[in-house]
2 protein chains.
Amino acid sequence: MSQKVFVSAQEVADRAGVSRSAVSRTFTPGASVSPETRQKVVEAAEALGYHVNHLARGLMRNESGIVCLIVSDMATPHRSGLIKTLTQELQHSGKIAMLVNTDLLDGSVDLALRQAIRYRADASIILSGMPDKSITQLCLKNGQRLVLINCDDEQNGPLRINLDDEEAAGRVVTAFLRAGCRRLAFANSEAGTPSLMARENGFVAAARAHGLEVVVARHGGTNYESGRILAQRLLTLAERPDAVFCATDLLACGFIDAARHQFFIRVPDQLCVAGFDDIEQASWASYQLTTFAQPLAAIAREAVSWLESSDAAKPEGQARAIRLHADLVWRGSIRGG
Amino acid sequence: MSQKVFVSAQEVADRAGVSRSAVSRTFTPGASVSPETRQKVVEAAEALGYHVNHLARGLMRNESGIVCLIVSDMATPHRSGLIKTLTQELQHSGKIAMLVNTDLLDGSVDLALRQAIRYRADASIILSGMPDKSITQLCLKNGQRLVLINCDDEQNGPLRINLDDEEAAGRVVTAFLRAGCRRLAFANSEAGTPSLMARENGFVAAARAHGLEVVVARHGGTNYESGRILAQRLLTLAERPDAVFCATDLLACGFIDAARHQFFIRVPDQLCVAGFDDIEQASWASYQLTTFAQPLAAIAREAVSWLESSDAAKPEGQARAIRLHADLVWRGSIRGG
DNA sequence: CGTCATTTTGCAAGCGCGTGCAAATGCCGC
DNA sequence: GCGGCATTTGCACGCGCTTGCAAAATGACG
């Protein structure tokens, strides 16, 4: 490493003929600096190519401006969309996103949170997986904010953002019944995360309220391939379902493709399908999937604004749980509508 | 902010009955510490919940361990796949990824690079957009490594990773000819990035070498919707193409969907299609797209290993340009094969 | 037991920055 | 011109860490 790469505030001060504090104050919003001093400093900084060292600033302020995004399956359409929206929102409020991938091994969420602590991230946002309770406690004890998106847990402290999954599931039942469907099925992954289970349970309960039993099938991860396999399982049943609610759009795409290309079943004529997430592919001509839109923008806004607010005061115990509404996007995979 | 949240090395030292240096050395690989001292320190650190402050460490070492990923359209299948692979590879070598989104406004790549400098990132990896030359110079002057992926530029200093786009385009021509196609078309976005243009130019040149002219159409961004529009333009031509090479899988998906659902053209019977990237959707039953696989793993490995190597010695002028091979993945969108 | 080479340890300086405090400056009315 | 006040400036300390250097501890050997 070369040693004299970065320009320090001292050098700027020397060039501008002021003290180093003046330089520091110039780049600190709300600090007391006369206009002429500021001008001199800004000019010198520009000339020298000076950039405030956020590492050092973070050290002093005890506030790094870093927010850690902890996520698995980040190449998935829904996840990447959420990441995108979050980073935008974070940048918008002057923070920066650190990305930690937890696909590698299990228990790596914990490892990731440790990493976040090392870099003194102001907060961690967990998009997936359920962190161990002990670890979240460690985070909170270290002054980190914690946001859990779609991975509800009863623990206290972090902000939890979830959707009204059960209610959405109820609307699907209504839509299916209106389309004249009677043999309902639910296609789920084996992941068993709270939001997926909420959709399943909500669907089963709502159907039962109308006197219908639901065939539930679960398989593998939340991806396209699982959707295909679930279709093979459900569409070969003696009593073939005429409507299926897939826990996820990705599952739905796989399901539809298998139904169409393997069993030559027409959607929605012979089979109604609903999904969840409203990923981009749901709108593609080959799928035209009726699904629920994840309110990405709202999620990001809630998360970031909570971080901003709790920056000022830190009401330790005042944990919040936010429940957002998922809009139903009508396309062509359910008759009627 | 509460003031006493983090455990410092001093506290660990006190508890372990050693000096602060001993603590520091314990967590510095390769430092001289006796086994028993190390043990005492580790125990005390564990008990107190101590984590090395990477901000402070970065300040001293002049090396933060942060690598900045600068990317637009990050929710796109190909981009998100690359991000995923890169973060994994970075974590694997003890570094951490910082994510900067450049979708917001133009010239925001420059803004992003400034952000990277502020956090004293050891390096920046640019996945999209062409940074201004002055800004890349600023980065290099500030001791940052720079990696440009698929956005070749003649500038010196950074590592440039690209694919053999022209050669790949040549193979498409061969495949199309073997399938008996004669009226070739190329569907491109208006983005005009070097890699897209290389595919276009390579395709046109290779066709010409076989005595064929190519109809080239360009529209909008590199996405599904543009693919549909390009299909509407190319498939209504008097001399309708019987083979089209789409610069990107996303374009190809849109193209195929329009061809199939709007013009009732069968792929590959009446129209051969090739794409580029091998995004997950290319393998879906509705597309079965023959395409070129981006060697994501190789790209990530090259980038990260270069960062590691140039960590040690910094041969300023020794810029490297790497050209990787894109494997052709045969599926069903070209006859024969 | 003394001498010297080797390892381990502590001291202290310094990385680049923010900020409390006191000194300096400017301004106003008398 | 001068006291009183508000604003600006500089000094110096500390944030948590690494590391060169010298002192202390350890071990080997005659």
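Per chain, numbering begins at 1; letters A, B, ... match sequence-line order.
With rounding to the nearest 0.5 angstrom, the CG atom of A:N53 is 5.5 Å from the CG atom of B:L59. Atom CG of residue A:L82 and atom CG of residue A:L69 lie 8.0 Å apart, to the nearest 0.5 angstrom. Rounding to the nearest 0.5 Å places CZ of A:R25 at 11.5 Å from CZ of A:R38. Interatomic distance, CZ of B:R320 versus CG of B:L159, reported as 6.5 Å (0.5 Å rounding).
Rounded to whole Å, the distance from CG on B:N62 to P on C:dG14 is 16 Å. Per the geometry, CG belonging to B:L59 stands 11 Å off P belonging to D:dT18, to the nearest Å. The separation between A:L55 atom CG and C:dG16 atom C1' is 10 Å, rounded to whole Å.
Evaluation of the side chain to side chain donor-acceptor pair (under 3.5 Å) rule for B:S80 yields no partner, not counting sequence neighbours. With sequence neighbours excluded, the residues that form a side-chain contact (heavy atoms from CB on, under 4.5 Å) with B:A9 are B:R20, B:V23, B:Y50.
Each side-chain hydrogen bond (donor to acceptor under 3.5 Å, both in side chains) pair with one or both residues in residues 26-35 of chain A, not counting sequence neighbours, appears once here: A:S34-A:T37.
Axis orientation changes by 40° from one end of the helix from C:dC1-D:dG30 to C:dC30-D:dG1 to the other, with each end axis drawn from 5 pairs and the value rounded to 10°.
Interface residues of residues 29-40 of chain A facing DNA chain C, ordered by number: none; criterion, heavy-atom separation under 4.0 Å.
Minimum interatomic distance between B:V12 and B:A45 (heavy atoms only, all atoms of both residues): CG1-N, 3.8 Å.
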Next item on the list: Produce a footprint string for nucleotides 17-25 of chain C: one letter per nucleotide, 5' end first; B if the base is under 4.0 Å from any protein heavy atom, S if only the sugar-phosphate is, - if neither.
Entry: BBBB-----
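Inter-residue side-chain proximity for A:L99 and B:M98 is flagged as unmet; no heavy-atom pair is nearer than 4.5 Å.
Salt-bridge check for A:K84 with B:D103: passed, with a basic side-chain N closer than 4.0 Å to an acidic carboxylate O.
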